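Just so you know, ligand 1 is whichever comes first in the structure, and atom 1 is the first atom listed for that ligand. Since the structure is predicted, the reported quantities are computational estimates derived from the model, not experimental observations.
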Amino acid sequence: MFVLRNIGQLAICSADAAQQDAGLIGAAALVIEDARIAWVGSELALPERYTSHESIDCRQRLVVPGLIDCHTHLCFGGWRGDEFEMRLQGHSYQDIAAAGGGIRSTVAATRANSAEQLMEKALCSLEGILDLGVTTLECKSGYGLEQTAELKQLQVYRQLNDLQAVELIPTFLGAHMIPDEYQHDREAYIRLLCDILIPAIGEQQLAKFCDAFVEEGAFNIEEARKILNTAKASGLGVKVHADQLSSGGGAQLAADLGAVSAEHLEYADPEGIEALALAGTVAVSLPLASLYLGERYIPARDMLSAGVRVAVATDFNPGSAPSYHLPLAMTLACLNQKMTPQEVLMGVTTVAARAISAEQRIGSLLPGYDADIAIIDAPSVNHWLYHFRANACCGVIKSGNWERNLC
Ligand code: NIG
Ligand code: FE
């Protein structure tokens, strides 16, 4: 058992609170017992029974729940720096994809890598991700697009969960693109997904969620509906990459399916937003993808006013968002999505936890929750997201264990 004392500001981030209210407490203390939070509140009210335990002086810093990056494509072969240059020269993301680059080129590189190579590369990213205060990360497959390579990615995630501290929540994204070999028989690829891959993944519990990319050049609404209904029948939760590059009814589909989250949504229309609100589906905003693609940002204010919870995530992948820097995405969400620092903090804690159906266990600093904590070298949430630094995180606790301690 140990006590964090002399906390300048602590953010509770309750799952029941409105998104604008991160539950800030000044001059706080927090008690960790085993792997859980035992007590939290004003230091003046710290119960007598805890005062004799080991205590850590937080030196007036900010204490927040361990950050949750609820949308990444962590495991991939190769990078696509040359496409970055092409986009800067005026070629669009869609044109590059149509010419055989984009997701297709990462599929080729991922298929060509061994599980060990993919694991080593992902491990390297996870080191940097943990440094930033991220303690849980959703991670998608979708760069295999064939049986062995999709399962290889999901198995890499399973093994990585035992090798390092960041908790990985795997999502099957076999419906990322139609692979080249099925370009002339899309139905056959959808049959492979629905008849073989999804049931096998459900049975082996290799993924917790199934996602589909609904977009021109990827999957249409009816194809995605079929795939995601099959996933539900196999015990997987549902997510949708929706309305990223055009408005195509993806938000409405996510709501119809009772999806736990709809991702991207840069082009979501008012009807789609209303449907998400009614269904209680979390909108996952990905400001780094908007930044890198020069695309519009998600209409977060309209969503929050309509009662939709808005998470913030990186979308880390080698194409549209080649960075895992969640605090950068957070500052961008303030600047370009006009979200307040408290709304953004909720978006990477309890709302992100909701986007992976884990808001009763992680993402809040309340008694009984997992002791996943980030200590930030800033006096307040406002200061942290305003004064952007390479890394302001100086302490990380995962399940009650110190994983980083520069305090
Ligand atoms: O979320 N939108 C589809 N998939 C990824 C991009 C993948 C890539 O470019 O490799 C995304 O932005
Ligand atoms: Fe994505």
### Query
So which of Lys140, Lys239, His71 actually passes side chain to side chain donor-acceptor pair (under 3.5 Å) with Asp211?
Lys140

### Message
Starting from atom 2 (N) of ligand 1, what is the nearest protein heavy atom, named by residue and atom, and what distance separates them?
### Response
Gln244 OE1, 2.7 Å

### Query
Please walk me through it: do Glu343 and Lys338 pass salt bridge (charged side-chain N to carboxylate O under 4.0 Å, His left out)?
CA-CA 10 Å; Glu343 286 170 339; Lys338 306 294 176 221; over 6 Å; no

### Message
Out of Glu83, His176, Arg80, His241, who is nearest to atom 4 (N) of ligand 1 when you count heavy atoms only?
### Response
His176

### Query
Does Arg59 CZ have over 12 foreign heavy atoms under 6.0 Å away?
no

### Summary
Short version for Glu215: what comes under 4.0 Å of ligand 1, heavy atoms counted, is neither

### Rounded to 10 degrees, the angle NE2 of His71 makes with NE2 of His241 at the Fe ion (ligand 2)
90°

### Query
Between Arg87 and Tyr93, is NZ or CZ placed under 6.0 angstrom from the six-membered ring centre and within 45° of the ring axis?
no

### Message
Tell me whether the rings of Phe316 and Phe76 are parallel (<30°), tilted (30 to 60°) or perpendicular (>60°).
### Response
perpendicular

### Query
Would you call the rings of Tyr189 and Tyr182 parallel, tilted or perpendicular, where under 30° means parallel and over 60° means perpendicular?
tilted

### Query
Asp57 and Arg5: salt bridge (charged side-chain N to carboxylate O under 4.0 Å, His left out), yes or no, with the steps?
CA-CA 5 Å; Asp57 181 356; Arg5 303 181 86 140; over 6 Å; no

#### Entry: Angular separation of NE2 (His73) and OD1 (Asp315) seen from the Fe ion (ligand 2), to 10°
90°

### Message
So, regarding Thr106 and ligand 1 (criterion: nitrogen or oxygen to nitrogen or oxygen, under 3.5 Å), is there a contact or not?
### Response
no

### Message
At under 4.0 Å between heavy atoms, is it the side chain or the backbone of Ser320 that contacts ligand 1, or both, or neither?
### Response
both

## Note on the structure
Of Phe316, Tyr292, Phe213, Tyr143, the residue with the heavy atom nearest atom 10 (O) of ligand 1 is Tyr143

### Closest protein heavy atom (residue, atom, distance) for atom 11 (C) of ligand 1
Asp315 OD2, 3.2 Å

